[in-house]
> 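Sharing a structure with you now.
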Amino acid sequence: MDVSQILDPLNDAQRQAVCAEANNVLVLAGAGSGKTRVLVHRIAWMLAAESATPYGILAVTFTNKAAGEMRGRIEQLLGIPSSGMWVGTFHGIAHRLLRSHWKEAGLSQHFQVMDSEDQLRAVRRVIREMGLDEGQWPPKESQWYINARKDEGKRPESLDHHGDPHLRHMIEIYAEYERYCQRAGVIDFAELLLRSHSLWLEQPEILQHYQNRFRYILVDEFQDTNTIQYAWLRMLAGKSLSMFAVGDDDQSIYGWRGAKVENIHQFSKDFKNTETYRLEQNYRSTGNILNAANALIDHNAERMGKELWTDDGEGELIQLYAAFNEQDEAQFIVDKIRDWVDKGGLRSECAVLYRSNAQSRVIEERLIQHGLPYRVYGGLRFFERQEIKDALAYLRLINNRDDDASFERIVNVPTRGIGGRTVEVIRETARNSGVPMWQAAYHLIEHKQLAARALNALQFFVQRIEDMKKAIDGIQLHEQIEHVIHESGLIDHYKKEKGEKGRTRIENLDELINAGRNYDEDAFEEEIEQSDVLTAFLSHASLEAGERQGDEWDDCVQLMTLHSAKGLEFKQVFLCGLEEGLFPHRLSVEEPGRLEEERRLCYVGMTRAMERLVVSYAEKRRLYGEEKFARPSRFISEIPSQYVEEIRLGGSVATPKYDGSYARVAEVEDKDAPVKLGQRVFHQKFGEGIVLNYEGQGRHARVQVNFEMAGSKWLVMEYANLQFQ
DNA sequence: ACACCTTTGTCGCGG
DNA sequence: ACAAAGGTGT
């Protein structure tokens, strides 16, 4: 391919980084400075000018979304499929290694990956089996402890309790949990990395094979690497010709899961002959947005120092809206999106970003109300739904009979007369003879060590699983899935569930068959052995959790957390819920380091916006089903007021949060509002009151009024006959 | 053993 | 507010 094609679209700084001759290159790339572009063009450069082959290239990212994006852009630039190259997430690549070397890694051939819910169940089970009290040893806490140690690369043997009895128990739980996973043939996310690291450590010839192969390693979002990932990279890079890391310390937002920003500083010490490049020209946002973001991040003390600039004009001011409550906030956002669309904009150019997943619901309801299609990223994902996990558990057990977690999940789903008592006997038997529950069940049936009724039921279950295994041998994946969800009785079981819920569950199970059909095609292309397709699909379900559901190409409003927005850009961005306690989150305020991380998160959110940034907060919000009042986030006051205009709806009850000296105050008439918030009204029966909230429009609108005598009530405008005062 | 009801924990983010 | 875990009555 022509070298000019690779280099011409780049600016000077980008070109220097792409063509760098040093072995090891560290690129400090600010938000919107063309980070992905540099990575992709570097790959093209290595192929064109450095005699690299696709086979020798490994590109690592953190999220599936980023990996997909990179693959797409490589293919776009090179005009060929990225085959031969390994492009994927740390976890995905580690998984691939372990599948190839399951034996050397000490795993069973059909080992399965647990998601965090499965892991929590496993930890709970271990704690119970150890005879510990769940109240005193909360499974959540142990799960957190175990994952944190794994992220640090530490096994229970290498941990010291220093005489602390609490710590000693934690380490024991960790050790017992490891034995459980080993027995059941399952591994958790952190274990993928830890295990592939120790595989290389203990099997030098395997390590050498990969060191010889991957001479060109590229890492995206380097600031998010944790201890074990960094160690993993260092080990692999032993013989590499080029290690190319791209990162931004101002966008380090994964400290809570063990990421070490220090790895950026460490890089040039550990990797000899490192050249560092900085990308500071921003091609994404307007001047105002950029200046505001720069000013915000300047409140952080621990920075490597970097200031974004742009050639573009100032653009619009940042809009700030003080909502009365979360309903009002959602209404405001939806109105602005409708406005955008009315003026010819696309829905997919609008993104609503929030701190925590739970905030999406109110916005979703409002979008539905106005008939705006939307798509939520994250949250409860497809493969995490109850009915899907049930179906997967059947497939897992058929695939690997040692999988106790799956056994327990479905042995009595749908109910078939195997109650808690019987399950306990099976569990006991299994534990006493150190075998999986499946074998224990067999043993109990053979020796008739159960009451006749339970015995029959169990025998029926075991037989059913065996039959299914035989029936699905050699047929296509989607046929296997279809067979299993029918034969297991899951379809009939969920058909019985009343209302909307049951119907969606059946739809989801049908969708699972579809997912299988798609996977069949992928597997064919990737030349996966027919007999391994099921195993691969089940891992895929854990690792990707169904991010790709829904119609990606449809024109949808985009809803996601700030964390999942990293790396993306949108013309119009709504940053909502900027309240003390929510953002920054209350648990982060205590620890100074964590607070800076929250600020970086805010910085990430702001720099997603290309043309328009709208920031909002609610003075009152429902949390845990309770009304809570909050102050505006400190981040709002950290944005210099000259970049901000405040939006006020006519007669809004919400009050401006600080001195009010914004560049501009825009009074906007809310044309659809049936009534103004804060309006005083009179009702025949209830007397005088103040409008707190409303939903809907025109005659069918419902209004919430707080009456002085009668308290708060919801009334329908059409009938209430309110008099305005 | 199971359907139904009450209690409890969660909503802090991703693979 | 909601879902899952735990408890109760049949």
Side-chain angles (χ1 to χ4, degrees), chain A residues 60-67 88-95 113-121 124 128 134-135 138-141 144 147 150-151 187-193 221 224 226 228-229 252-259 326 353-362 365 377-381 383-386 412-423 451 453-454 457 496-497 501 539-547 560-567 577 581-589 591 594 597-598 600-601 604-605 621-628:
Chain A
V60 203
T61 64
F62 279 83
T63 63
N64 290 312
K65 212 190 284 167
T89 62
F90 274 101
H91 293 90
I93 286 163
H95 174 250
V113 184
M114 286 185 287
D115 65 20
S116 22
E117 193 200 297
D118 300 333
Q119 188 190 28
L120 182 61
R121 282 176 202 271
R124 182 175 290 131
R128 277 189 203 155
E134 276 184 67
K140 264 266 158 82
E141 197 185 305
W144 187 263
N147 287 336
K150 288 192 178 194
D151 283 344
I187 75 178
D188 58 56
F189 288 130
E191 183 71 24
L192 287 166
L193 294 157
E221 309 281 13
D224 290 335
N226 62 30
I228 186 70
Q229 287 161 339
S252 152
I253 53 175
Y254 285 104
W256 54 273
R257 66 171 204 215
E326 76 275 15
L353 310 183
Y354 36 80
R355 175 65 232 268
S356 62
N357 281 310
Q359 285 168 256
S360 76
R361 231 195 62 226
V362 183
E365 285 168 3
Y377 292 81
L380 186 61
R381 300 207 256 295
F383 287 113
E384 290 169 0
R385 289 163 204 269
Q386 184 189 301
N412 202 32
V413 177
T415 49
R416 52 171 71 86
I418 306 170
R421 198 60 245 279
T422 311
V423 174
R453 229 161 85 183
K496 276 186 229 144
E497 199 169 357
K501 224 173 185 174
S539 304
H540 165 84
S542 297
L543 282 166
E544 303 223 356
E547 200 68 272
M560 67 193 80
T561 62
L562 286 155
H563 281 89
S564 38
K566 191 166 67 161
L582 184 61
F583 188 30
H585 194 271
R586 81 188 98 83
L587 301 176
S588 313
V589 183
E591 261 179 285
R594 282 287 131 83
E597 181 156 316
E598 295 281 304
R600 290 193 292 269
L601 195 54
V604 167
R621 184 180 293 276
R622 265 207 138 83
L623 212 65
Y624 296 113
E626 251 184 317
E627 304 248 275
K628 292 267 199 263

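Side chains are part of it too, since the values below use all heavy atoms of this structure and drop only hydrogens, waters and symmetry mates. In what follows, chains carry the letters A, B, and so on, assigned in the order in which the sequence lines appear, proteins first and then strands, with residues in each chain numbered from 1. Computed from a predicted model, the values in this text were never measured in an experiment.
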> Counting just side-chain N and O atoms, does A:Lys140 come under 4.0 Å of either OP1 or OP2 of B:dC11?
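For B:dC11, OP1 or OP2 has a side-chain N or O of A:Lys140 closer than 4.0 Å.
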> Contact class for A:Arg586 vs. all strands (heavy atom < 4.0 Å): base, sugar-phosphate, or nothing?
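Sugar-phosphate, backbone atoms only, no base.
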> Between B:dG14 atom C1' and A:Glu544 atom CD, what is the distance in whole Å?
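Answer to the nearest Å: 13 Å.
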> Output yes when at least one side-chain N/O atom of A:Asn412 is less than 4.0 Å from OP1 or OP2 of B:dC2, else no.
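So the side-chain polar atoms of A:Asn412 do come within 4.0 Å of the phosphate oxygens OP1 or OP2 of B:dC2, strictly under.
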> Could you tell me the separation between the OH atom of A:Tyr354 and the P atom of B:dG12, rounded to a whole number of Å?
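To the nearest whole Å, that distance equals 15 Å.
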> Could you tell me how far apart A:Leu582 (CG) and B:dC13 (P) are, to the nearest whole angstrom?
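For the pair A:Leu582 CG and B:dC13 P, the rounded distance is 10 Å.
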> In this structure, how many angstroms lie between the P atom of B:dG14 and the CG atom of A:Asp188, rounded?
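Taking atom P of B:dG14 as the reference, CG of A:Asp188 is at 18 Å.
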> What one-letter contact string describes nucleotides 1-10 of chain C from 5' to 3', where B marks a base within less than 4.0 Å of any protein heavy atom, S marks contact via sugar-phosphate atoms alone, and - marks no contact?
BS-SSS----
> If you apply the rule side chain to side chain contact (heavy atoms under 4.5 Å, CB included), what do you find for A:Glu221 with A:Lys566, and how did you get there?
CA-CA 10 Å; A:Glu221 309 281 13; A:Lys566 191 166 67 161; 3.5 Å; yes
> Give one of base, sugar-phosphate or nothing for A:Leu543, where a contact means two heavy atoms less than 4.0 Å apart.
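Counting heavy atoms under 4.0 Å across all strands, the contact made by A:Leu543 is with sugar-phosphate only.
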> Looking at A:Lys628 and A:Glu626, does any basic side-chain N land under 4.0 Å from a carboxylate oxygen?
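Counted as a salt bridge, because a side-chain N and a carboxylate O are separated by less than 4.0 Å.
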> Does a nitrogen or oxygen in the side chain of A:Arg381 sit under 4.0 Å from OP1 or OP2 of B:dG15?
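Result: yes.
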> Heavy-atom nearest nucleotide on DNA chain B for A:Ala358 versus A:Ser564: which residue maps closer to 5'?
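By nearest-heavy-atom nucleotide position, the 5'-most residue is A:Ala358.
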> Please determine if a side-chain N or O atom of A:Thr422 lies less than 4.0 Å away from the OP1 or OP2 oxygen of B:dA1.
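So the side chain of A:Thr422 is within the cut-off, an N or O lying under 4.0 Å from OP1 or OP2 of B:dA1.
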> Can we say A:Glu627 and A:Arg622 salt-bridge, meaning some charged N sits less than 4.0 Å from an Asp/Glu carboxylate O?
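So A:Glu627 pairs with A:Arg622 through a salt bridge.
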> Between A:Lys65 and A:Met560, does the side chain to side chain contact (heavy atoms under 4.5 Å, CB included) criterion hold? Intermediate values first, please.
CA-CA 13 Å; A:Lys65 212 190 284 167; A:Met560 67 193 80; 4.2 Å; yes
> Which listed nucleotide (B:dA1, B:dC13, B:dG12) is nearest to the side chain of A:His563?
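Output: B:dC13.
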> Heavy atoms under 4.0 Å, any strand shown: does A:Arg594 hit a base, just sugar-phosphate, or nothing?
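No contact at all - A:Arg594 keeps every heavy atom at 4.0 Å or more from the nucleic acid.
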> Rounding to a whole Å, what distance do you find between A:Glu384:CD and B:dG15:C1'?
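Checked: the CD to C1' distance equals 10 Å.
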> For A:Ala190, answer base if it contacts any base atom (sugar-phosphate contacts may also be present), sugar-phosphate if it contacts only those atoms, and nothing otherwise; contact means non-hydrogen atoms under 4.0 Å.
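Base, at least one base atom sits under 4.0 Å.
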> Would you name the heavy atoms of A:Lys150 and A:Ala190 that are closest together and state the gap between them?
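Taking A:Lys150 first and A:Ala190 second, the nearest heavy atoms are CB-CB, 3.6 Å.
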> For A:Phe62, which residues count as a ring-ring contact (aromatic ring centres under 6.0 Å, His included) partner, sequence neighbours excluded?
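A:Phe62 satisfies ring-ring contact (aromatic ring centres under 6.0 Å, His included) with A:Phe90 only.
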> Within the structure shown, what part of the strands sits under 4.0 Å from A:Glu191 by heavy-atom distance: base, sugar-phosphate, or nothing?
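The answer is nothing, as A:Glu191 stays clear of every strand by at least 4.0 Å.
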> Using atom CZ of A:Phe90 as one end and atom C1' of B:dG15 as the other, report the distance to the nearest whole Å.
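It is 12 Å, rounded to the nearest whole Å.
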> Quick test of your reading of the model: are A:Glu134 and A:Arg128 salt-bridged, counting only N-O distances below 4.0 Å?
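Between A:Arg128 and A:Glu134 there is a salt bridge, with a charged N closer than 4.0 Å to a carboxylate O.
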> Out of B:dG12, B:dC13, B:dG15, which has the shortest distance to the side chain of A:Thr63?
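The answer is B:dG15.
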> Could you work out which one of B:dG14, B:dC11, B:dG15 sits closest to the side chain of A:Trp256?
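Of all the options, the side chain of A:Trp256 is nearest to B:dG14.
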> In whole angstrom, give the distance that lies between atom CZ of A:Phe583 and atom C1' of B:dG12.
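Rounded to whole Å, this separation is 12 Å.
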> Closest nucleotide of DNA chain B for A:Arg421 versus for A:Phe62: which of these residues is on the 5' side?
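Here A:Arg421 is the residue nearer the 5' end.
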> Judged by atom type as modelled, is there a donor-acceptor pair below 3.5 Å linking the side chain of A:His95 to the main-chain atoms of A:Leu192?
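Not at all, since once roles are kept as given, no pair shorter than 3.5 Å links the two residues.
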> Whether A:Thr561 contacts B:dG12 is assessed here as follows: a side-chain N or O lying under 4.0 Å from the phosphate OP1 or OP2. Is that the case?
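No, no such contact exists.
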> Measure CZ/A:Arg621 against P/B:dC11 and give the value in whole Å, please.
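Spelled out: CZ on A:Arg621 to P on B:dC11 is 17 Å.
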